[in-house]
Undergrad: 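Before we start, here is the structure in question, set down as structure tokens.
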Amino acid sequence: MQVRVELFGRLASQSGARELTLEMPVGATLRDVAAALAERFPVLTWVPSICRPVRNLEYVSWDTPVTADDEVSFIPPVSGGV
Amino acid sequence: MQVRVELFGRLASQSGARELTLEMPVGATLRDVAAALAERFPVLTWVPSICRPVRNLEYVSWDTPVTADDEVSFIPPVSGGV
Amino acid sequence: MKLCMQGAVFVQITSDPLDPAPLMRLVEGPDMGAVVTFSGNVRNQNRGREVQYLEYDAYRPMAEREMRAIGEETATRWPCRIALQHRVGRLELGEASVLVVAACAHRAEAFEACRFAIDTLKERVPIWKREVWQDGEVWIEGAADAPVSAGTDASR
Amino acid sequence: MKLCMQGAVFVQITSDPLDPAPLMRLVEGPDMGAVVTFSGNVRNQNRGREVQYLEYDAYRPMAEREMRAIGEETATRWPCRIALQHRVGRLELGEASVLVVAACAHRAEAFEACRFAIDTLKERVPIWKREVWQDGEVWIEGAADAPVSAGTDASR
């Protein structure tokens, strides 16, 4: 199945991509998507240890399964400060 | 000696005066000025029990003595709220 | 009108309508990452009464002096630039009676500085409001209502 | 542009300069006696570095959704009308990156509502800033710096 991944901030600047589609097996979780992403862009291996996973605009857990046409993203710590 | 008294808020609206000069004996305190004010305007007898005394733009105690040409006022609870 | 700060503090009592924008520009600075603005506006009701308008009276020289002292104390406790402005005279519903704008490096201190300044202003700056309804009026003296004219019986 | 609230909440992500005045007018209301505004501005220095400018990137649909959820939660906890606005793209020193304006009946709740909303926004709304100096740049990820390009060694 096809899963759409949206990339922002450091993920976008390091990979050079803002959006891509990954082919994932049925039953894949957010953790599996992050692994597939790191396979595509080895520079993004830090993602699982730093980011929070998001599915269809909502924070979810790494064990959440994805389904076809889901929109997935990985959220590094946000802007914080001031 | 002459002491100038400034009246605001309820003191002004009840007395009809915003400023007056009172003749006070040497050694008079803020408490004495308030008593003299209530003598002039009997409607202002509530002043000592409600107000804080001010001399030359500063909050002081009722026992503070006044001197000639001092500017005195009595401050009801201020606008508060919101 | 050009507004000027004395040190880190600007204070003003005015009968003109208040506008937060020039005060915000005034206190902003290159290392001020957080600007917190308080605006106190005239409500249409108070203590169960339908307010028509308010009339603010001030002991102006003392009020400005107290506002400056509060600004200085605030800027000492939380490094900041701060503006305090109070309106006097007749105010209609919805109009702002008081503005406090505090600019600090970070947001926690900007919130604390602004809150401290408005709380202290409301405690000790000699400004009073007369609340006018359809069929009556009172001076608001802290938590109490007080009669405006001598003839009225005090309700306290 | 005409701004519209949905219920008690207005949210917007925009690349235009931010202006608190229309947001303040938007949330004001006849029984709102207290309006507290937070403006987060670009500082000229951060973590000992001289900042040249910032570039904000957002996951826009999610960020708007999170901002709305924060607004709704705030308005449930403190009866208020609230506006949250965040800018994206390149911001120069001194420019505002985020505005939160909360209008309540009384000031204690207006301060608390505004503070809660900006604190929560900074925790969970997916917006990132890239800090650019004369001779380098980083993504600010919470308390950490993170390298912008793949070639750079991560400093974390």
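Letters A, B, ... mirror the listed sequences (proteins, then strands); counts begin at 1.
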Undergrad: Which of the residues C:Ile118, C:Asp119, C:Val100 is involved in the greatest number of heavy-atom pairs with chain D at under 4.5 angstrom?
TA: C:Asp119

Undergrad: Shorter than 4.5 Å, heavy atoms on both sides: which option in D:Thr37, D:Val42, D:Val51, D:Leu93 has the most such pairs with chain C?
TA: D:Thr37

Undergrad: Answer yes or no: does atom CD of D:Glu50 have more than 12 heavy-atom neighbours from other residues, nucleotides or ligands under 6.0 Å?
TA: no

Undergrad: Taking atom CZ of C:Arg107 and atom SG of D:Cys114, what is their separation to the nearest 0.5 Å?
TA: 10.5 Å

Undergrad: As an exercise, state the distance from CZ of D:Arg115 to CD of C:Glu112, rounded to the nearest 0.5 Å.
TA: 6.5 Å

Undergrad: Mind checking whether C:Val35 and D:Asn41 have side chains closer than 4.5 Å, heavy atoms only?
TA: yes

Undergrad: If you take all heavy atoms of D:Arg43 and C:Met32, which pair is closest and at what distance?
TA: CG-C, 4.2 Å

Undergrad: Verify the neighbour count for atom CD of C:Gln52: are there more than 12 heavy atoms of other residues, nucleotides or ligands below 6.0 Å?
TA: yes

Undergrad: For a quick test of reading the model, state the closest non-hydrogen atom pair linking D:Pro20 to C:Met24 and the distance between them.
TA: CG-CE, 3.6 Å

Undergrad: Under 30°, 30 to 60°, or over 60°: which ring-plane class applies to D:Phe38 and C:Phe111, parallel, tilted or perpendicular?
TA: parallel

Undergrad: For chain D, which of C:Pro30, C:Ala96, C:Ala103 has the most heavy-atom pairs under 4.5 Å?
TA: C:Pro30

Undergrad: Can you tell me which portion of D:Val36 sits under 4.5 Å from chain C's heavy atoms? Options are side chain, backbone, both or neither.
TA: both

